[in-house]
Amino acid sequence: MTNDIYGPFPGGPGPFFPGSSWLEALTDGQRARFEELGTNLDVVERRIVDACAAAGRPREDVTLIVVTKTYPAEDTALLAGLGVTDVAENRDQDAAPKAEQCRNLPLDWHFVGQLQTNKVRSVVGYANHVHSVDRLRLVGSLSAAVLKSERPELGCLVQVALDKEHGEGAHRAGVAPEDVAELTDAIADTPGLRLDGVMTVAPLAGPLAGDPVRAFDRLAEIATAVRAAHPAATMVSAGMSGDLEQAIAAGATHVRVGTAVLGVRSPLG
């Protein structure tokens with residue numbers, strides 16, 4: 001998707017929510033996309049409500065993070081107009097300019113992709129949460145960037161690679177379950193960083209592949225162990241468009257949904 005269907009960027013200049021005049025100012029393309037996103041959000045919201053009810057959890061226990069990767073800043077602005085407060089990106093080269101364009105919007109930015117140390121300074125400039133901390137060197141780089149920028153503490157989640165528990169996925173992002181404690185302790189002890197919890201993606205290999213129920217149950221066990229040592233680390237980031245119900249059943253506090261809200265991405269996304 002390109003920006004060509006849009007007119008002036010709906011996020012600026014000036015206040016983003018000046019009342020009904022904002023909706024009236026949308027172009028036909030923007031209004032159609034706004035309605036499409038609203039319909040999709042309603043469907044996802046109903047899924048979350050039903051999953052929470054089935055799990056005996058209050059709806060407010062679960063935060064929806066809309067993953068806006070590969071989609072233009074205009075979509076992010078329209079999502080904000082629909083009441084979305086949390087958005088996520090996985091590539092700094094796309095996220096940084098998008099966050100800058102949306103800087104006046106009431107959004108909480110999450111970085112969920114593999115993070116190289118040479119991108120840390122940029123990511124720290126806009127993200128309030130990094131879900132993909134998976135090595136000690138990254139902990140040090142994040143801390144240095146936060147302290148240099150004099151910004152508030154950065155929320156960090158340890159990315160758990162469940163397949164590594166079974167000898168698979170050696171080159172994929174994330175730490176093996178047996179290494180989580182060392183990394184969470186390091187984050188908790190590092191200035192400028194706040195240990196928020198753990199994150200995972202349902203594994204593609206190993207005995208848990210294709211079985212999100214068992215995968216998220218295993219993450220729940222790991223999250224419980226982390227909270228025993230660090231009681232404030234309550235975030236459990238798990239579940240996407242295809243498996244958010246299983247994640248919520250296992251105790252996820254944050255679900256990362258992209259396709260179900262924004263539509264199917266291009267193969268290059």
Side-chain angles (χ1 to χ4, degrees), residues 37 40-52 55 57 59-71 73 75-76 78-80 82-92 94-95 98-99 102 107-115 123 126-134 154-163 172-175 196-204 208-209 212-213 215-220 222-223 226 233-265 269:
L37 292 173
N40 293 344
L41 277 170
D42 287 344
V43 173
V44 170
E45 173 63 21
R46 173 46 55 188
R47 289 176 62 190
I48 295 173
V49 168
D50 290 346
C52 287
R57 302 177 61 190
R59 168 63 185 89
E60 56 268 25
D61 275 4
V62 179
T63 297
L64 169 63
I65 303 171
V66 179
V67 182
T68 51
K69 66 179 185 180
T70 78
Y71 284 92
D75 277 351
T76 305
L78 295 173
L79 288 167
L82 287 161
V84 169
T85 57
D86 292 75
V87 295
E89 291 282 329
N90 73 333
R91 295 177 181 174
D92 176 67
D94 300 324
K98 191 181 297 187
C102 296
L107 293 169
D108 196 5
W109 290 83
H110 301 248
F111 190 84
V112 299
Q114 189 168 12
L115 181 54
V123 169
Y126 58 84
N128 292 320
H129 316 270
V130 174
H131 291 230
S132 49
V133 180
D134 62 357
L154 176 71
C156 294
L157 289 83
V158 170
Q159 182 174 352
V160 184
L162 295 171
D163 45 0
R172 283 198 284 272
V175 298
D196 280 348
V198 294
M199 180 272 265
T200 201
V201 177
L204 300 175
L208 300 181
V213 173
F216 296 141
D217 282 346
R218 178 68 182 111
L219 181 68
I222 295 167
V226 169
T234 58
M235 281 181 66
V236 181
S237 173
M240 298 188 289
S241 292
D243 53 21
L244 67 86
E245 287 87 357
Q246 294 92 331
I248 290 172
T253 64
H254 292 68
V255 292
R256 311 179 306 273
V257 178
T259 301
V261 173
L262 288 149
V264 178
R265 296 182 172 86

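Residue numbers run from 1 in the order of the sequence given.
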- Student check: side-chain heavy atoms of N90 and V67 closer than 4.5 Å: no

- Sub-4.5 Å side-chain heavy-atom contact between T63 and T253: no

- Measure from the side-chain N and O atoms of R256 to the backbone N and O of S237, and report whether any donor-acceptor pair falls under 3.5 Å. yes

- Message: Contact between T68 and D75 at the side-chain level, heavy atoms closer than 4.5 Å - yes or no?
- Response: no

- Message: Working note: D92 + Y126, criterion side-chain contact (heavy atoms from CB on, under 4.5 Å); need CA distance, chi angles, decisive distance, verdict.
- Response: CA-CA 10 Å; D92 176 67; Y126 58 84; 2.8 Å; yes

- Message: Is there a side-chain contact between I248 and R47 in this structure, where contact means two heavy atoms from C-beta onward sitting under 4.5 Å apart?
- Response: no

- Item | Spacing of CG belonging to L162 relative to OG1 belonging to T200, to within rounding of 0.5 Å | 4.0 Å

- Looking at CZ of R218 and CG of L208, how far apart are the two atoms once the value is rounded to the nearest 0.5 Å? 8.5 Å

- Query: Looking only at heavy atoms, which two atoms of A238 and A252 are closest? And how far apart?
  - Reply: O-CB, 3.7 Å

- Considering all heavy atoms, the nearest A249-A55 contact: CA-CB, 4.1 Å

- Query: Can you tell if the side chain of L107 reaches within under 4.5 Å of the side chain of L79, non-hydrogen atoms only?
  - Reply: no

- Query: Do you know the tightest heavy-atom contact between A260 and V44?
  - Reply: CB-CG2, 3.7 Å

- Item | Side-chain touch M199/H254, heavy atoms, less than 4.5 angstrom | no

- Please report the shortest heavy-atom distance between G239 and A247, naming the atom on each side. CA-CB, 3.5 Å

- At what distance, to the nearest 0.5 angstrom, does OG1 of T70 lie from CG of L262? 7.5 Å

- With the side chain counted from C-beta on, respond yes when Q159 and S132 share a heavy-atom pair under 4.5 Å apart, and no when they do not. yes

- Compare every heavy atom of A250 with every heavy atom of A220, then report the nearest pair and how far apart it is. CB-O, 3.4 Å

- Item | Closest approach of C102 to A73 (non-hydrogen atoms, all atoms of both residues) | SG-O, 3.8 Å

- Check: L64 and L244 side chains under 4.5 Å, non-hydrogen atoms: no

- Item | The single option from T76, I65, V123, D86 passing side-chain contact (heavy atoms from CB on, under 4.5 Å) against W109 | T76

- Qualifying residue for side-chain contact (heavy atoms from CB on, under 4.5 Å) with V261, from L82, L41, V43: L41

- Task: Could you go through the side-chain contact (heavy atoms from CB on, under 4.5 Å) check for D196 and L157 one step at a time?
- Result: CA-CA 5 Å; D196 280 348; L157 289 83; 4.0 Å; yes

- Message: For D50, give me all partners under salt bridge (Lys or Arg N to Asp or Glu O under 4.0 Å), at least two apart in sequence or on another chain.
- Response: R46

- Message: My understanding is that only residues two or more places apart in sequence, or in another chain, count here; which of them pass ring pair (Phe, Tyr, Trp, His ring centres under 6.0 Å) with H129?
- Response: H110

- State whether the side chain of K98 and the backbone N or O of Y71 hold a donor-acceptor pair below 3.5 Å, judged by distance alone. yes

- Supply the atom-to-atom distance D94 CG to E89 CD, rounded to the nearest 0.5 angstrom. 6.5 Å

- Query: Looking at NE2 of H131 and CG of L115, how far apart are the two atoms once the value is rounded to the nearest 0.5 Å?
  - Reply: 12.5 Å

